[in-house]
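One structure below.
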Amino acid sequence: MAEPLGPPWGWRGHGAGRAAHVEPAPEYQATTSQVCGLYPFTAGSGTPTAGTPVGRHQLWGEVVCLDPLAWLREGLVTNPGMFVLGQPGTGKSTLVKRLVTGAVATGTTPIILGDTKPDYTRLVDYLGGQVIRVGRGVDRINPLDAGPLDEARRRLSGADAEALWWEVRSRRLSLLLALATLVREARITNAEEVVLSRAIDLLDDRLDRDPTIVDVLHILEHGPEELRSATRTDTADSYRAQTRDLVFTLDLLISGSLAGVFDAATTRPLDLDAPAISVDISRVRAAGDKLLTAAMLCTWAYAFGMVDAATALADLHAAPRRSYLGVMDELWRALRGAPGLVEHADALTRLNRAKGMASIMITHSLADLDALATEEDRAKAKGFADRSAITVLAGLPPRELARVHEITPLTGPEQQLVTSWSAPDSWQPGARHPGRGKYLIKTGERLGIPVGLSLVGPETDLYDTDQAIRATA
């Protein structure tokens, strides 16, 4: 027989706990910022609210926002660099696409610096941005094209114009040296660098347009007096002997495996006013890593040149000030092409904060560093992760987390959590990967924020990177 329930105010009688009268408790309403000290009745979640909503906190359900530029403005981080690390299929690209969408909505211009798969083309098209498809038979990139930088230089005068001219010259020479290093698979000598710099200066004086690699090759083969003096040679034969290797190296850039991509003027310049830009280099992927690396290097140089030009014009109040979000996916494929390429990428990305540009670097594993040619390159590449104020971890195995811990301190529970996302716990077909859409956001010594991302509306279709696989099933 069930025990009878007591009345709301308790049983009558001595010691029965009856309350003769119950006063209503006073009720107050206020924000968590005002009453956060009334422990234990109110406690703030501590999740950042600046930036693009990327999901809910996995422990208490609060909305978590993320944006490197917004976090920098709010003083949450010291630089706008972000490093995303995780196994394939865990949703790294999905998170970055959400950030790209949020950037467009808040007036920041995302630039996909070499889409190799392509993962971002459909999204940028949907957002009304510009998609440039680089490859044989489609769009070409002139590595010596100054692009918006030259346009900005022509609008300046005096010392400002001269400073920008030196910047254009430096970028042209740096990229040409990087491409020559790539095809030669060895560093360019000091003497060859002197000759190339003199050739670029001559072409800049003689041409009323941007020079091309074809122009550089022709002037080297012709050998005018200015180039002969640069090589410290007295006769035509000694000059040809001195520049023979360099001529063949440049010829490989326009007639070897890279033919049809870098041997003419740029066909589609980047649009400064586009809400988003994607440089799709997936068509050159089939031609091998060398062409893919060359396309990435040219894309980086051209895009960072555009950002520099916009910054220079804004400083002179000749154009509105813009902010940019650079996405560098498959980062290590570009860096492992030849010794010394890491230094070129490092020089391009080091001063992003001063330009109002955030960067997102994406890779599968820090073990990719081991594929780089030299210990010097591996040390510099590790600096990319060191300098990134925000580290986002998707599912990773324990051995990988041990390497991450050397750069970004992780607590034991954090490592266990990320490890639990790294492999499916079932062999049942169609089972959802336990780590898909789950991320741990780390900044410095702070405790990580575990986030679960859920797609909404057209995101399910636009962010899907497995459509080609399902279409053939």
* Asked: Tell me, do V418 and K438 make a side-chain contact under 4.5 Å, heavy atoms counted?
  -> no
Look at [X] together with [Y] and state whether they make a salt bridge at an N to O cut-off of under 4.0 Å.
X    : Y    : answer
R169 : D204 : no
R184 : D245 : no
D329 : K92  : no
K442 : E414 : yes
R198 : D201 : no
R133 : D125 : yes
R140 : D263 : yes
K117 : D280 : no
D273 : R322 : yes

Pairing donors with acceptors under 3.5 angstrom, does anything connect the side chains of [X] and [Y]?
X    : Y    : answer
T233 : Q242 : no
T116 : S282 : no
R446 : T443 : yes
E192 : T189 : yes

* So with a 6.0 Å cut-off around CD of E225, is the heavy-atom count from everything else above 12? -> yes
* Asked: Counting only N and O atoms by type, is there a donor-acceptor contact under 3.5 Å from the side chain of T299 to the main-chain atoms of A295?
  -> yes
